[in-house]
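Heads up, the thing below is written out as structure tokens.
Numbers for residues simply follow the sequence, beginning at 1. As the structure is a computational prediction, the values presented were derived from the model and not from experiment.
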Amino acid sequence: MGYADQLFDLTDRVVLITGGSRGLGREMAFAVAHCGADVVIASRNFENCEAVAKEIAAETGRSALPYGVHVGRWDQLDGLVEATYERFGKVDTLINNAGMSPLYDKLSNVTEKLFDAVVNLNLKGPFRLSALVGERMVAAGGGSIINVSSTGSLRPNGGIIPYAAAKAGLNAMTEGLAQAFGPTVRVNTLMAGPYLTDVSKAWDLSGNDNFSHLHLKRAGDPHEIVGAALFLASDASSFTTGSILRTDGGIP
């Protein structure tokens with residue numbers, strides 16, 4: 001095993017990732033499995049989780065547990081945690097990746113139901129999962145929690161206000177959890193910019209200057225999230241906690 005392989009080695013670790021059946025979550029799930037981890041793939045669509053779990057097992061030889069859960073519903077999260085610990089006996093890394101930002105035409109048409117759904121999935125669910133898993137990590141002597149946020153939390157626009165507010169709360173929560181679970185458990189924010197996942201199909205990309213404000217002048221390919229995710233999941237980031245790691249193409 002080479003130096004870099006050792007640095008990012010996740011052999012026999014267990015990674016629980018929400019929103020793991022598609023987009024950036026899927027990329028991260030495959031990445032940690034390729035580095036030796038067993039994976040729990042959680043999302044609302046069990047069939048998608050099952051399909052990805054089978055692909056991961058076939059491609060990497062690691063165990064992958066699919067689990068259908070709505071992360072925005074508090075009462076479903078205990079079952080996810082119990083199933084994970086029953087199968088693997090531990091969680092070394094929790095990646096709170098599930099999220100959504102529904103479209104709306106004007107602010108007065110944002111219903112209370114929509115607003116609550118956005119906050120529940122992007123903020124309340126990650127809080128509850130972090131509390132359930134983080135306390136067990138502390139008892140076990142270590143672990144890493146990665147909260148996937150968005151540059152929208154720093155540079156919000158009028159079309160994503162509920163989402164941006166929830167992600168800003170996630171940023172703040174990361175720092176609080178880092179203090180609460182320290183010194184043995186690390187908690188960090190992985191802040192993503194625009195990536196060309198299935199979500200981007202809803203974007204209007206007809207213009208030629210969609211990403212001209214970014215220093216790299218383009219959106220990211222999904223696989224480009226992997227390096228940052230592996231850094232935070234592995235011992236390569238052993239002295240990193242309470243931080244925000246931006247993978248955003250360079251926002252001004």
Side-chain angles (χ1 to χ4, degrees), residues 3-20 24-25 27-29 31-33 35-40 42 71 77 80-81 84-85 88 90-99 122-154 164-193 224-248 250-251:
Y3 179 76
D5 295 318
Q6 294 181 47
L7 193 62
F8 294 97
D9 183 35
L10 299 174
T11 300
D12 295 329
R13 298 191 188 184
V14 176
V15 177
L16 166 56
I17 179 167
T18 65
L24 299 183
E27 294 291 331
M28 290 186 278
V32 296
C35 287
D38 295 323
V39 191
V40 181
V71 174
L77 300 179
L80 168 61
V81 174
T84 299
Y85 278 86
F88 294 111
K90 64 175 182 173
V91 174
D92 296 289
T93 299
L94 167 64
I95 304 179
N96 286 311
N97 171 69
N122 291 288
L123 181 60
K124 192 168 79 172
F127 170 80
R128 180 60 175 169
L129 264 182
S130 296
L132 293 173
V133 175
E135 290 180 356
R136 294 201 191 199
M137 286 178 170
V138 171
S144 172
I145 297 175
I146 303 170
N147 292 319
V148 179
S149 184
S150 165
T151 52
S153 64
L154 299 181
K167 290 299 191 183
L170 189 66
N171 300 344
M173 190 180 78
T174 293
E175 295 198 29
L177 292 175
Q179 188 277 329
F181 294 148
T184 54
V185 176
R186 299 177 295 103
V187 188
N188 293 286
T189 294
L190 177 55
M191 183 176 288
E224 292 181 294
I225 197 77
V226 164
L230 291 177
F231 169 69
L232 293 177
S234 69
D235 292 341
S237 59
S238 58
F239 196 56
T240 304
T241 194
S243 73
I244 293 177
L245 176 56
R246 285 171 36 191
T247 61
D248 56 17
I251 59 173

* **CE-CG distance between M28 and L190, expressed to the nearest 0.5 angstrom** => 6.0 Å
* Would you find more than 12 non-hydrogen atoms of other residues, nucleotides or ligands less than 6.0 Å from Q179 atom CD? -> no
* Euclidean distance, T151 OG1 relative to K167 NZ, rounded to 0.5 Å -> 11.0 Å
* Using the side-chain contact (heavy atoms from CB on, under 4.5 Å) rule, take S130 and N147 through it: C-alpha gap first, then chi angles, then the decisive distance, then the call. => CA-CA 9 Å; S130 296; N147 292 319; 4.1 Å; yes
* Asked: So, do V185 and L177 sit near enough that their side-chain heavy atoms are less than 4.5 Å apart?
  -> no
* Working for side chain to side chain donor-acceptor pair (under 3.5 Å), residues T240 and N188 -> CA-CA 8 Å; T240 304; N188 293 286; 5.8 Å; no
* Asked: If you look at every heavy atom in L24 and A192, which pair is closest and at what distance?
  -> CD1-CB, 4.1 Å
* How long is the gap from CD1 on I17 to CD1 on I95, to the nearest 0.5 Å? -> 4.0 Å
* To do: Determine whether I146 and T93 make a side-chain contact, defined as any pair of heavy atoms from C-beta on separated by less than 4.5 Å.
  => yes
* To do: Specify the closest pair of heavy atoms between A228 and L245, including all atoms of both residues, with the distance to one decimal.
  => CB-CD2, 3.6 Å
* Asked: How many angstroms lie between atom CD1 of I145 and atom CG of L232, to the nearest 0.5 angstrom?
  -> 12.5 Å
* Asked: Just by distance, do the side chain of S237 and the backbone of F231 share a donor-acceptor pair under 3.5 Å?
  -> yes
* **side chain to side chain donor-acceptor pair (under 3.5 Å) partners for N97, two or more places apart** => none
* Asked: Would you call D12 and K90 a salt bridge, using N to O less than 4.0 angstrom?
  -> no
* Side chains of V148 and T18: does their closest heavy-atom pair fall under 4.5 Å? -> no
* 4.5 Å side-chain heavy-atom contact, E135 and F181 -> yes
* **Any L7 side-chain heavy atom under 4.5 Å of S234 side chain** => no
* Flag side-chain contact, heavy atom, 4.5 Å: M137 against V91 -> yes
* Under the 3.5 angstrom rule, does the side chain of T241 hit a backbone N or O of V187 as a donor-acceptor pair? -> yes
* Can you run down the salt bridge (charged side-chain N to carboxylate O under 4.0 Å, His left out) pairs that involve residues 124-133, sequence neighbours left out, and say none if there aren't any? => D78-R128
* To do: Taking the side chain as every heavy atom from C-beta outward, state whether N171 and M191 have any pair of such atoms under 4.5 Å apart.
  => yes
* Can you list the steps and then say if E224 with T247 is a side-chain contact (heavy atoms from CB on, under 4.5 Å)? -> CA-CA 8 Å; E224 292 181 294; T247 61; over 6 Å; no
* **More than 12 heavy atoms from other groups under 6.0 Å of CZ on F127** => no
* **Stepwise side-chain contact (heavy atoms from CB on, under 4.5 Å) test for L170 and S153** => CA-CA 9 Å; L170 189 66; S153 64; over 6 Å; no
* Measure across A98 and G19 and return the closest heavy-atom pair with its distance rounded to 0.1 Å. => CB-N, 3.8 Å
* Side-chain heavy atoms of L80 within contact of T84, under 4.5 Å -> yes
* With respect to F88, which candidate in L16, V39, V15, V40 satisfies the side chain to side chain contact (heavy atoms under 4.5 Å, CB included) definition? -> V40
